[in-house]
Amino acid sequence: MSKNLVIVESPAKAKTIEGYLGKDFKVVSSYGHVRDLPKGDKAIDIANGFRPTYEVTADKKEVIKNLRKLAKEAETIYLASDDDREGEAISWHLKEALKLKDDFTKRIVFREITKSAIQKALENPRNIDEDLVYAQQARRILDRLVGYELSPVLWKKIKRGLSAGRVQSVAVRLVVEREREVEQFNVQSFFKISAIFDIDGKELKAELPKRFDTEAEAQAFLESCKGADFTIESLDKKPGKRSPAAPFTTSTLQQEASRKLSFSVAQTMTVAQRLYEAGKISYMRTDSVNLSDEAMNGAKNEISAAYGSEYSHPRKFKTKSQSAQEAHEAIRPTDFSAHTAGKDYNEKRLYELIWKRTIASQMADAELEKTTVSIGISTSNERLVATGEVIVFEGFLKVYIESTDDEDNGDEAKGMLPPLSIGQSLNLDNIKARQGFTRPPARYTEASLVKKLEEMGIGRPSTYAPTISTIQKREYVIKENREGNDRQYTELILKNDNIESHSLTEVTGAEKSKLFPTNIAMVVNDFLVDHFPNVIDYSFTANVEEEFDQIAQGSQHWDVMIQNFYGKFHQTVEETEQIDRREVGASRELGTDPETGKPVIARLGKFGPLVQIGE
DNA sequence: CAGTGAGCGAGCTTCCGCTTGACTT
């Protein structure tokens with residue numbers, strides 16, 4: 001019989017911690033939240049200060065039964081759920097559901113799963129922070145009120161089965177508005193000049209920093225270069241450096257796995273979960289970029305052993321996110337000496353990504369030498385510019401290069417320049433003026449939408465993947481590939497004092513695994529923007545988060561905060577009753593019925609699209 | 001008389017955040 005019972009949220013964590021503690025401790029898991037508001041409308045007593053009724057969730061009945069039995073046998077119970085708002089609420093719900101007595105119940109917190117951190121936590125127990133629990137309650141009740149009052153409005157006025165909520169509706173709004181930006185984008189053509197010089201058989205590529213708006217201007221520039229002398233006017237060498245990115249959080253892992261491994265966000269989480277359960281990586285739902293001292297040491301030792309100590313550079317990263325709660329470490333390998341881990345191909349690839357990213361974050365900067373060459377044109381005041389980049393010391397680039405969202409490779413890999421000197425006269429091979437086109441903002445991928453949501457402080461690491469699934473399941477958004485269209489462009493080439501014009505073809509607008517809004521998403525979004533601009537506002541979450549913080553600090557009552565929001569919100573919900581559902585959404589006249597002469601109208605009915613004759 | 005369709009009523013849909021594992025495809 002163990003004297004002490006420790007309850008954490010995750011079973012894998014429980015197993016690890018039990019290994020750190022002696023046989024006087026039994027460590028078990030609650031499997032996350034154990035109680036929640038029931039589904040019906042009895043969950044919140046709106047008339048009585050929004051008093052909530054909680055129930056043990058169906059899938060947690062068995063868990064609570066077991067925990068109750070273990071709690072009875074223990075002398076002291078340590079509630080060790082995560083050190084954040086939700087974790088505090090879990091501890092409180094456990095205390096209530098297990099009917100734990102204050103005298104035997106202690107609340108402990110730690111933000112890394114290391115022996116020293118756990119022991120320190122056990123030496124510094126505290127009580128449950130009631131204000132923090134109230135803040136969570138406010139969050140939960142607000143989400144329920146918004147979701148369960150808004151969704152039925154959509155059923156009545158648009159279509160059954162639809163949903164709306166603080167997080168998902170903003171996600172849909174982003175996709176809808178981006179699509180409209182793309183549709184309305186005004187494509188502009190321009191001409192970009194690049195020159196190639198022959199330096200003793202080696203190529204030197206230079207570009208004109210300015211672009212021409214018209215073919216005539218580009219043509220005129222090329223004309224002016226006929227017979228010109230090209231001379232190096234200046235050579236500017238500057239040292240530069242690049243620093244590694246921070247270790248992975250949930251959202252950055254999802255982004256990199258999407259770009260480098262083509263994983264969906266859900267797939268990334270499933271594979272990471274398996275690595276976590278196998279003890280290969282730390283917890284995968286986190287917003288923290290922090291590494292424990294123990295991890296930093298492990299990385300340092302591994303880097304020194306594998307690459308040499310000059311490659312080691314321990315660093316602590318700070319989160320840029322306002323909304324981060326940082327209850328865990330960053331996502332990292334548990335054992336840095338394991339360069340590979342995982343049972344199948346995908347696990348191995350994801351682990352390798354995590355290993356490299358974490359190791360790189362603790363490595364030295366890469367040192368570069370950047371050279372800028374300015375090339376004068378005897379017949380013009382314009383100057384061509386060539387740039388080169390030489391890596392003097394690889395540093396972290398030895399193991400990891402972060403990718404970017406830009407599909408446009410932009411400037412090609414800058415390499416080493418051939419030996420050059422000031423005053424040197426250059427031998428022109430050709431100058432090209434290539435027509436280019438401005439591009440609309442990129443449509444979202446699953447991962448870039450997650451990134452955007454995180455930047456706006458909307459959603460949490462545990463909900464990013466489910467949110468992305470929900471908006472697809474509701475058919476607000478579809479992920480798909482689209483084929484591009486052919487587009488003509490013009491290229492002018494000056495070679496041997498002769499200008500040739502070519503008309504060429506490129507593919508434009510091709511999309512791969514991008515998020516597109518459906519018609520229903522447009523209708524729902526416009527309806528919500530029209531009638532509930534406050535709730536669907538991009539800063540709504542940030543605003544209510546500020547109030548949750550005040551509740552957590554004890555400077556605001558949770559029920560007052562909810563009342564302030566709900567009064568006006570509920571009134572708006574009632575006002576929508578008056579709206580004629582035919583006014584909402586995309587009804588369209590198709591023509592007139594030849595028999596009756598009545599108009600034929602396509603519109604959205606309760607069960608989907610329909611066509612009707614007459615009003 | 002069989003089949004169609006209007007009209008009615010009952011029951012259902014839905015949120016976010018914390019965890020896995022039990023399901024099906």
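The sequence lines fix the lettering, A, B, ..., with proteins before strands; numbering per chain opens at 1. Below, all heavy atoms of this structure are taken into account, side chains as well, without hydrogens, waters or symmetry copies. Owing to the predicted nature of the structure, the values given are computational and were not obtained by experimental measurement.
Residue Y31(A) has its side chain nearest to dT20(B) when only dC15(B), dT20(B), dG17(B) are considered. Across dT20(B), dC15(B), dC18(B), the shortest atom-to-atom separation from the side chain of E86(A) is found for dC18(B). Side-chain proximity of Y276(A) to the nucleotides dT14(B), dT20(B), dC18(B) is greatest for dT20(B). Side-chain proximity of R140(A) to the nucleotides dT20(B), dT13(B), dC15(B) is greatest for dC15(B).
Applying the 3.5 Å distance criterion, the base of dC16(B) shares a donor-acceptor pair with the side chain of R139(A). The base of dC18(B) has none of its N or O atoms less than 3.5 Å from a complementary donor or acceptor on the side chain of R460(A).
Both the sub-6.0 Å distance and the 45° axial angle are satisfied by R144(A) relative to the ring of Y148(A).
One can place NZ of K60(A) at 7 Å from C1' of dC18(B), the figure rounded to the nearest angstrom. The CE atom of M269(A) sits 14 Å away from the P atom of dG17(B) (whole-angstrom rounding). As rounded to whole Å, 6 Å separates atom C1' of dC18(B) from atom CD of E9(A). Between the OH atom of Y148(A) and the C1' atom of dC12(B) there is a distance of 12 Å, rounded to whole Å. For the pair K156(A) NZ and dC12(B) P, the interatomic distance rounds to 17 Å; values are reported in whole Å.
H328(A) pairs in a side chain to side chain donor-acceptor pair (under 3.5 Å) with only one of the listed residues (D82(A), T286(A), T250(A)), which is D82(A).
Taking side-chain N and O atoms only, R160(A) has no distance below 4.0 Å to OP1 or OP2 of dT14(B). For R274(A) and dG21(B), the shortest distance from a side-chain N or O to OP1 or OP2 is not below 4.0 Å.
Residue L142(A) is out of contact with every strand shown, counting any heavy-atom pair closer than 4.0 Å.
Ring centers of Y444(A) and F516(A): at least 6.0 Å apart, outside the cut-off.
Contact check on R274(A) versus D344(A) returns a salt bridge, with a Lys/Arg side-chain nitrogen under 4.0 Å from an Asp/Glu carboxylate oxygen. With respect to K42(A) and E55(A), a salt bridge is recorded, a charged nitrogen being found less than 4.0 Å from a carboxylate O.
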